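Here is the structure we will look at, set down as structure tokens.
Note that the structure is predicted; figures quoted are calculated from it, not measured.
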Amino acid sequence: MLKEYKSITEVVGPLILVEGVEGATYYELVEIEQQNGEIRMGRVLEVDGDKAVVQLFEGTQGLQISTSKARFLGRSIELAVSPDILGRVFDGMGRPIDGGPNIIAEKRLDIEGEPINPAARDYPSEFIQTGISAIDGLNTLVRGQKLPVFSGSGLPHAQLAAQIARQAKVLGGESRFAVVFAAIGITFEEADFFISDFRRTGAIERTVLFMNLANDPAIERIATPRMALTAAEYLAFDLGMHVLVILTDITNYAEALREISAARKEVPGRRGYPGYMYTDLATMYERAGRIRGREGSITQIPILTMPEDDKTHPIPDLTGYITEGQIILSRELHGKGITPPIDVLPSLSRLKDKGIGEGKTREDHADTMNQLFAAYARGKEAKELAAVLGDAALSDVDKLYAQFADEFERRYVSQGYETNRSIEETLELGWELLTILPRVELRRIRDEYIDKYLPTSQEGDE
């Protein structure tokens, strides 16, 4: 028998206080029924003796607390899952918004998830091809990894996210691949772009979309990524699929966390964000990975816009501690018309060495990756020197490196949002660009690979 209480005594922002409560539990679902029969949903955020703080999903605007009653449901927020969720579009609370029928649940899963035993985790080691050279060739994504994209306001992270979702695949074998896409606090135009793009390309058939719009309540923003990760865990560990989870935009999630923390009158941490934001983000990011003995895996690409392009801001800073690298978008490259504007030098995939090489990509991948990095870095230095002292200050070799840097950005990094390059195409393009440099400069590549893969156009350019 569900217990009802007519003892709602206080409203602060999205929070209400219910007194005289017995046996309430953390994150328990609550129905607030008004006199006219309207029901709003919420969850228990804090319990102190017989007092419970309840957070409303729809907000408290227009709520008459004197005539409302609170009903505690004895369970937390759950997501109805079945194989039919593929190809569907849901709102931030897991309700279908694509005009299709409700999901007939095979099971209902708590959106907070089950913690993975660290001893049961398997090490990420298999290559995922995104079709984007700057990622596949230089900052390789590995199955089971958490690799965030650090962007800035106005940069094309939405197009990059859609491209990765469309093109990503696991090479070799008959493994089933799915994408779970969670849009957090985005505008209607952005949501329409993602849904239209996935439908246009047919990618929606293997995708589950969760859409939380900017005008939806802040509390719903907290639940949306957890809904997505719960769907991913079901697809990965119950159905044995390899799942790529894309979360955009984590900054909107963190802002909602700050808003709710302020409503609870908690002591703020850095820049007003709650002191537990690191832990909170970790509860999401750490749901990626592989489990020994299970076929499926979850790979995460969280996307966040850095306020004022500041990498030291708490959101990218804490994200960098928890995840295994970062892909950074550059405003300078965006201004040059490079698409996607991925800045490869400060970008990093800490697990890239585990996912490349013979049997995974190709034997020459590691050597060419190191050589391309080194050559591009030297080329950028040469261009900076020329900007200060003029071209006359550069040696002939430095001029070749400067030419290499320009060609590398124009041909390797910039490929547009519709081009899907195989890893072989990416590696061949890298070798082609290296022909700009004398063979004697290719010190990071073994001679047998140079003999085998370097295009013959460089012969005699010793």
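- Residues passing the side chain to side chain contact (heavy atoms under 4.5 Å, CB included) test with E358, sequence neighbours excluded: E363.
- Here CD of Q129 is found 4.5 Å from CG of L171. Values are rounded to the nearest 0.5 Å.
- Taking the ring pair (Phe, Tyr, Trp, His ring centres under 6.0 Å) definition, one finds that F210 meets it with F90, sequence neighbours left out.
- The side-chain heavy atoms of H242 and E295, taken from C-beta on, include a pair separated by under 4.5 Å.
- Not a single side chain to side chain contact (heavy atoms under 4.5 Å, CB included) links D50 to another residue, sequence neighbours left out.
- Looking only at atom types and distance, the side chain of E233 has no donor-acceptor partner in the side chain of T230 under 3.5 Å away.
- In this structure a side-chain-to-backbone donor-acceptor pair under 3.5 Å is missing from D238 to L235.
- Heavy atoms from other residues, nucleotides or ligands lying under 6.0 Å from CG of D48 number 12 at most.
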Expected list for residues 181-189: side-chain donor-acceptor pairs under 3.5 angstrom, two or more places apart:
from, atom 1, to, atom 2, distance (Å)
T187, OG1, E190, N, 3.2
T187, OG1, E190, OE1, 3.4

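- Between the side chains of Y276 and E266, at least one donor N or O sits under 3.5 Å from an acceptor N or O.
- Under the ring pair (Phe, Tyr, Trp, His ring centres under 6.0 Å) criterion, H313 pairs with Y273, not counting sequence neighbours.
- D280 places a side-chain heavy atom less than 4.5 Å from the side chain of Y253.
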Report the C-alpha distance between E255 and R258 in whole Å, list the side-chain angles of each, state the deciding distance to 0.1 Å, and finish with yes or no for salt bridge (charged side-chain N to carboxylate O under 4.0 Å, His left out).
CA-CA 5 Å; E255 296 290 346; R258 179 166 68 174; 2.7 Å; yes
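- A donor-acceptor pair under 3.5 Å is absent between the side-chain atoms of T60 and the main chain of L56, judged by distance alone.
- Annotation: the span from I423 atom CD1 to T140 atom OG1 amounts to 6.5 Å, rounded to 0.5 Å.
- Using cut-offs of 30° and 60° on the angle between ring planes, the pair Y412 and F408 is parallel.
- For the residue pair T305 / D249, a side-chain donor-acceptor distance below 3.5 Å is found, with atom types taken as modelled.
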Report the C-alpha distance between D309 and R331 in whole Å, list the side-chain angles of each, state the deciding distance to 0.1 Å, and finish with yes or no for salt bridge (charged side-chain N to carboxylate O under 4.0 Å, His left out).
CA-CA 9 Å; D309 294 359; R331 202 169 290 282; 2.7 Å; yes
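- Looking only at atom types and distance, the side chain of T299 has no donor-acceptor partner in the side chain of R143 under 3.5 Å away.
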Carefully, step by step, assess D122 and R294 under the rule salt bridge (charged side-chain N to carboxylate O under 4.0 Å, His left out).
CA-CA 9 Å; D122 211 353; R294 300 275 188 97; over 6 Å; no
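- Annotation: K336, atom NZ; neighbour count of heavy atoms from other residues, nucleotides and ligands within 6.0 Å is above 12.
- Heavy-atom minimum distance, P156 versus Y417: CG-OH, 3.0 Å.
- Residues I250 and L247 are in side-chain contact: their nearest non-hydrogen atoms beyond the backbone lie under 4.5 Å apart.
- Among pairs with a residue in residues 85-103, those fulfilling side-chain hydrogen bond (donor to acceptor under 3.5 Å, both in side chains) read R88-D98, D91-R95, at least two apart in sequence or across chains.
- With sequence neighbours excluded, the residues forming a salt bridge (charged side-chain N to carboxylate O under 4.0 Å, His left out) with R200 are D197, E418, listed by chain and number.
- Atoms CD1 and CD1, on I65 and I8 in that order, are 7.0 Å from each other to the nearest 0.5 Å.
- Sparse packing is recorded around NZ of K169, with 12 or fewer heavy atoms of other residues, nucleotides or ligands lying under 6.0 Å away.
- The two residues Q34 and G62 have their closest heavy-atom pair at NE2-O, 3.6 Å.
- You'll find the side chain of I164 reaches within 4.5 Å of the side chain of I246, heavy atoms only.
- Between Q167 and T130, the side chains place no donor N or O within less than 3.5 Å of an acceptor N or O (distance only, hydrogens not considered).
- Shortest non-hydrogen contact noted between G320 and F150 is N-CZ, 4.3 Å.
- When atom types are taken as modelled, the side chain of E409 and the backbone of Y376 share no donor-acceptor pair closer than 3.5 angstrom.
- Across S82 and I103, no two heavy atoms sit closer than the pair OG-CG2, 3.7 Å.
- Contact detail for S133 and Q415: the closest heavy-atom pair is N-OE1, 2.9 Å.
- Between the side chains of T283 and R226, a donor-acceptor pair is found at a separation under 3.5 Å.
- Using a 4.5 Å heavy-atom threshold, the side chains of R270 and D317 count as touching.
- Under the 4.5 Å side-chain criterion, counting only non-hydrogen atoms from C-beta, L329 is not in contact with H334.
- In this structure, Y285 has no ring pair (Phe, Tyr, Trp, His ring centres under 6.0 Å) partners at least two apart in sequence or on a different chain.
- Note that OH of Y321 is 13.5 Å distant from CG of L281, once rounded to the nearest 0.5 Å.
- Atom CG in L155 sits 8.0 Å away from atom OG in S330 (nearest 0.5 Å).
- Considering only residues two or more places apart in sequence or on other chains, E46 meets the salt bridge (charged side-chain N to carboxylate O under 4.0 Å, His left out) condition with R264.
- The closest side-chain heavy-atom distance from E106 to V81 is not below 4.5 Å.
- Applying the side-chain hydrogen bond (donor to acceptor under 3.5 Å, both in side chains) criterion to K51, with sequence neighbours excluded, gives no partner residue.
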Could you go step by step and tell me if T25 and E28 meet the side-chain hydrogen bond (donor to acceptor under 3.5 Å, both in side chains) rule?
CA-CA 5 Å; T25 57; E28 182 178 355; 3.3 Å; yes
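- Atoms CD and CG, on Q326 and L147 in that order, are 8.0 Å from each other to the nearest 0.5 Å.
- With respect to E126 and K354, no salt bridge is recorded, no charged nitrogen being found less than 4.0 Å from a carboxylate O.
- A salt bridge between R221 and E259 is absent, with no side-chain N of the basic residue lying under 4.0 Å from a carboxylate O of the acidic one.
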Using distance only, find each side-chain donor-acceptor pair of residues 69-79 under 3.5 Å and give its atom names and separation, not counting sequence neighbours.
from, atom 1, to, atom 2, distance (Å)
R71, NE, E4, OE2, 2.8
R71, NH1, E31, OE1, 2.5
R71, NH2, E4, OE2, 2.9
R71, NH2, E33, OE1, 2.4
S76, OG, D110, OD1, 3.3
S76, OG, D110, OD2, 2.9

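- Residues F193 and Q159 form a side-chain contact, since some pair of their non-hydrogen atoms from C-beta on lies under 4.5 Å apart.
- For L351, the side chain to side chain contact (heavy atoms under 4.5 Å, CB included) criterion is met by Y123, P124, V142, Q145, E324, not counting sequence neighbours.
- Under a 4.0 Å N-O distance rule, the pair K3/E22 qualifies as a salt bridge.
- A pairwise comparison of heavy atoms in L63 and S68 identifies CD1-OG, 3.9 Å as the closest pair.
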